Amino acid sequence: MSFDRSIKIAPSILAADFANFGAECEAVEAQGADWVHVDVMDGHFVPNITFGPAMCAAIRPHIKGVMDVHLMISPVDPYIDAFAAAGADVITAHVEAGPHIHRTLQAIRAAGAKAGVALNPGTPAESVAHLLDLTDLICVMTVNPGFGGQKFIDMGDKIRTLRAMIGDRPVHIEIDGGVDPKTAPLVAQAGADVLVAGSAAFKGGSVSNPAPYGENIRAIRAAAEGVWA
Ligand SMILES: O=C(CO)[C@H](O)[C@H](O)COP(=O)(O)O
Ligand SMILES: [Fe+2]
């Protein structure tokens, strides 16, 4: 997985057909997704439960590109090796999920994955100031985590602060929550390069009618890239 700062669209399978994950991953990739985002929730760190490492391992053969695993679980450390073994390319843990995020990021890299750190809307950019050389991706939550389809919370100032803090380090800024063609330009302008989209990517389509996925992904990408035109 090489580093580049171009806009990458990462559909979240939280908005896919839960009875058909393998086919959904293949469909969104065929329709132009750059990464596939997998939301792991434990009913403890967030008020919802989704799936675990066995599901990630099951969909791995259906994803050609990057499998981006967003862990909304606490504790994190006991599960890192299982998600790495399941084939996660990026494993992202929340800075709020435990007292030892520094150790967690070291453990993710030691397991062979790229290390991501996520910040809830109420958590300041400065919380990752001492983690910048240990992280490959900073995920700025633009909703309170736990559910898809929520209203976008503007975190433009935080994104700009993080982009300045990162400097020329090879660290992605990922935005997660409420990203659509209207909000994509705001986050791209502020310095984000990975845009997670659940509802806005899967809207109107299905595995038997995947063309809307392509239209949705192209609309989000065009809106984000438009800020540089
Ligand atoms: O981490 C998440 C929620 O906690 C999801 O990735 C996110 O909400 C994507 O869904 P949507 O684009 O519908 O907001
Ligand atoms: Fe997510």
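Both counts, for ligands and for their atoms, begin at 1 and track the order of listing. By convention here, the first residue in the shown sequence is residue 1. Just so you know, these numbers come straight off a predicted model, no measurement behind them. Atom set for the values below is all heavy atoms of this structure, side chains included, hydrogens, waters and symmetry mates excluded.
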Could you check whether any side-chain heavy atom of Ile138 comes within less than 4.5 Å of a side-chain heavy atom of Leu119, counting everything from C-beta outward?
yes

With only distance considered, is Met72 within less than 3.5 Å of ligand 1 through an N or O on each side?
no

Parallel, tilted or perpendicular: which fits the ring planes of Phe18 and Phe51, with parallel below 30° and perpendicular above 60°?
tilted

Measuring from the Fe ion (ligand 2), name the closest N, O or S atom belonging to Asp39.
OD1

Does ligand 1 have any atom sitting under 4.0 Å from a heavy atom of Ala200?
no

Atoms of ligand 1 less than 4.0 Å from Gly148 heavy atoms?
8 (O), 10 (O), 13 (O)

Looking only at protein heavy atoms, which one is nearest to atom 4 (O) of ligand 1, and how far off is it?
Gly146 N, 2.9 Å

For salt bridge (Lys or Arg N to Asp or Glu O under 4.0 Å), just list the numbers for Asp193 and Lys8, CA-CA rounded to whole Å, side-chain angles, deciding distance to a tenth of an Å, and then say yes or no.
CA-CA 6 Å; Asp193 64 306; Lys8 290 163 285 293; 3.0 Å; yes

With respect to the Fe ion (ligand 2), what is the nearest N, O or S atom of Asp176?
OD2

Side chains of Asn209 and Ser206: do they bring a donor and an acceptor to under 3.5 Å?
no

Any N/O of Leu14 closer than 3.5 Å to an N/O of ligand 1?
no

Atom 3 (C) of ligand 1: the protein heavy-atom neighbour that sits closest, reported with distance to 0.1 Å:
Phe147 O, 3.5 Å

Between Asp136 and Arg109, does any NZ, NE, NH1 or NH2 come within less than 4.0 Å of an OD or OE carboxylate oxygen?
yes

Show which atoms of ligand 1 fall inside a sub-4.0 Å distance from at least one heavy-atom site of Asp39.
1 (O), 2 (C), 5 (C), 6 (O)

Assess whether side chain to side chain contact (heavy atoms under 4.5 Å, CB included) is satisfied between Trp35 and Met1, documenting all intermediate values.
CA-CA 11 Å; Trp35 294 11; Met1 194 189 145; 3.5 Å; yes

Purely on distance, is any nitrogen or oxygen of Asn144 under 3.5 Å from one on ligand 1?
no

Could you name the option among Gly198, Ala15, Gly177 that has the heavy atom nearest to atom 12 (O) of ligand 1?
Gly198

Would you mind checking if Arg103 and Asp77 are paired as a salt bridge, meaning a charged N to carboxylate O distance below 4.0 Å?
no

Calculate, to the nearest 0.5 Å, the distance between atoms OG1 and NZ belonging to Thr183 and Lys151 respectively.
10.0 Å

Looking at Thr92 and His70, would you say the former's side chain and the latter's main chain have a donor-acceptor pair under 3.5 Å?
no

Under 4.5 Å between side-chain heavy atoms, counting indirect links through other Ile/Leu/Val/Met/Phe/Trp/Tyr residues: same cluster for Leu132 and Leu137 or not?
no

So CG of Asp4 and NE2 of His172: to nearest 0.5 Å the spacing works out to 6.5 Å

Would you say Ser199 has any N or O atom under 3.5 Å from an N or O of ligand 1, going by distance alone?
yes

Look only at interatomic distance and state if Val196 has a nitrogen or oxygen under 3.5 Å from any nitrogen or oxygen of ligand 1.
no

Please give the atom name: the N, O or S atom of His70 nearest to the Fe ion (ligand 2).
ND1

Ligand 1 versus Pro145, non-hydrogen atoms closer than 4.0 Å: side chain, backbone, both, neither?
both

Would you mind running through ligand 1 and noting each atom that sits below 4.0 Å from a heavy atom of Gly149?
11 (P), 13 (O), 14 (O)

Element-labelled atoms of ligand 1 that are located less than 4.0 Å from some non-hydrogen atom of Ala197
12 (O)

Where ligand 1 meets His37 - atom numbers and elements under 4.0 angstrom, heavy-atom basis:
6 (O)

Go through ligand 1 atom by atom and flag the ones less than 4.0 Å from a non-hydrogen atom of His70.
1 (O)

For atom 14 (O) of ligand 1, what is the nearest protein heavy atom, given as residue, atom name and distance?
Gly178 N, 2.9 Å

Could you check atom 9 (C) of ligand 1 against the protein and tell me its nearest heavy-atom contact, residue, atom and distance included?
Asp176 OD1, 3.5 Å

Looking at Ile73, Ile91, Val76, which hits side chain to side chain contact (heavy atoms under 4.5 Å, CB included) with Val40?
Ile73

Between Thr142 (side chain) and Gly178 (backbone), is there a donor-acceptor pair under 3.5 Å?
no

